[in-house]
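Report on one structure; see the data block that follows.
Atom set for the values below is all heavy atoms of this structure, side chains included, hydrogens, waters and symmetry mates excluded.
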Amino acid sequence: EVQLVESGGGLVQPGGSLRLACAASGFTFGTSAMTWVRQAPGKGLEWVSSISTGGSNTRYVDSVKGRFTIARDNAKNTLYLQLNSLKTEDTAMYYCVEGVYCLSGSLCSGDLSTSARGQGTQVTVSS
């Protein structure tokens with residue numbers, strides 16, 4: 001059974017930083033592309049970033065390019081998302097998704113809404 005547990009969210013002021021983590025189990029993490037998505041209050045699911053199995057290929061939604069960095073540690077079965085220069089519009093629940101790689105929000109190898117994801121971690125950016 002796929003299990004994904006996100007952590008690292010919190011309340012941060014604009015301009016601040018957070019590091020999210022996603023602990024994975026129940027599948028072969030090192031052979032699965034991984035993705036971060038987020039959902040703001042009252043809005044739909046938004047693709048944020050994807051990383052290939054080995055970590056050499058990464059993609060980001062334009063709104064986070066240069067501010068967020070996705071990474072993975074296959075030895076620890078853990079996915080990360082470093083969030084820097086946070087803005088109020090980054091406020092959302094963040095989820096990691098197993099087995100999907102997106103070139104953009106509309107070009108994904110699988111369905112983000114139905115693929116396995118964790119319970120999420122809340123990121124709130126507010127002064």
Quiz item: Between S85 and S17, which heavy-atom pair has the shortest distance, and what is it?
Solution: N-OG, 4.3 Å

Quiz item: Donor-acceptor pair, T91 side chain versus T124 backbone, under 3.5 Å?
Solution: no

Quiz item: Could you give the distance from CH2 (W36) to CG (L81), rounded to the nearest 0.5 Å?
Solution: 6.0 Å

Quiz prompt | Distance (rounded to the nearest 0.5 Å) between Q119 CD and Q3 CD | solution = 10.0 Å

Self-check item: Side chain S49, main chain R59, donor-acceptor under 3.5 Å
Solution: yes

Quiz item: Short question: side chain of T121, backbone of Y94 - any donor-acceptor pair under 3.5 Å?
Solution: no

Quiz item: Is any side-chain heavy atom of L112 closer than 4.5 Å to a side-chain heavy atom of C102?
Solution: yes

Quiz prompt | Pair D62 + K65: basic N to acidic O under 4.0 Å | solution = yes

Self-check item: Pairwise distance CD(Q13) to OG(S127) - rounded to 0.5 angstrom
Solution: 7.0 Å

Quiz item: Does F29 belong to the same Ile/Leu/Val/Met/Phe/Trp/Tyr cluster as Y101, with side-chain heavy atoms less than 4.5 Å apart forming each link?
Solution: no

Practice problem: Work out which heavy atom in D111 is nearest to a heavy atom in S115; give both atom names and the distance. | Solution: O-OG, 2.7 Å

Quiz item: From E89 CD over to K43 NZ, what is the distance, rounded to the nearest 0.5 angstrom?
Solution: 9.0 Å

Quiz item: K87 versus R67: any side-chain heavy-atom pair under 4.5 Å?
Solution: yes

Quiz prompt | Pairwise side-chain contact, T58 with Y60, heavy-atom cut-off 4.5 Å (strictly under) | solution = yes

Quiz prompt | Any donor-acceptor pair under 3.5 Å from T78 side chain to K76 backbone | solution = yes

Exercise. State whether a side-chain donor-acceptor pair under 3.5 Å links S32 with E98.
Key: yes

Quiz prompt | Donor on one side chain, acceptor on other, R72 and N74, under 3.5 Å | solution = yes

Quiz item: Looking at SG of C108 and CG of L103, how far apart are the two atoms once the value is rounded to the nearest 0.5 Å?
Solution: 8.0 Å

Exercise. State the SG-CG distance between C22 and L79, to the nearest 0.5 angstrom.
Key: 5.5 Å

Self-check item: Qualifying residue, where the test is side-chain contact (heavy atoms from CB on, under 4.5 Å) with W47 and the options are L107, V100, V97, V61
Solution: V61

Quiz prompt | Non-hydrogen side-chain atoms of L11 and S126 separated by less than 4.5 Å | solution = yes

Practice problem: Check the hydrophobic clustering (I, L, V, M, F, W, Y; side-chain heavy atoms under 4.5 Å; chains of links allowed) and say if V5 and I70 are grouped together. | Solution: no

Exercise. Heavy atoms only: give me the nearest T35-S50 pair and the separation to one decimal.
Key: OG1-OG, 2.6 Å

Self-check item: Heavy-atom side-chain proximity of R19 to Y80 below 4.5 angstrom
Solution: yes

Practice problem: Please tell me if the side chains of R38 and D90 come closer than 4.5 Å, counting only heavy atoms from C-beta onward. | Solution: yes

Quiz item: Do L4 and F27 have side chains that get closer than 4.5 Å, going by heavy atoms?
Solution: yes

Quiz item: Which is it for F68 and Q82 under the side-chain contact (heavy atoms from CB on, under 4.5 Å) test, yes or no, and what are the steps along the way?
Solution: CA-CA 5 Å; F68 291 8; Q82 179 69 42; over 6 Å; no

Quiz prompt | Single-linkage hydrophobic cluster V64~Y95, side-chain heavy atoms < 4.5 angstrom | solution = yes

Quiz prompt | S56 versus S52, closest heavy-atom pair with distance | solution = N-OG, 3.4 Å

Quiz prompt | Side-chain heavy atoms of E46 within contact of S63, under 4.5 Å | solution = yes

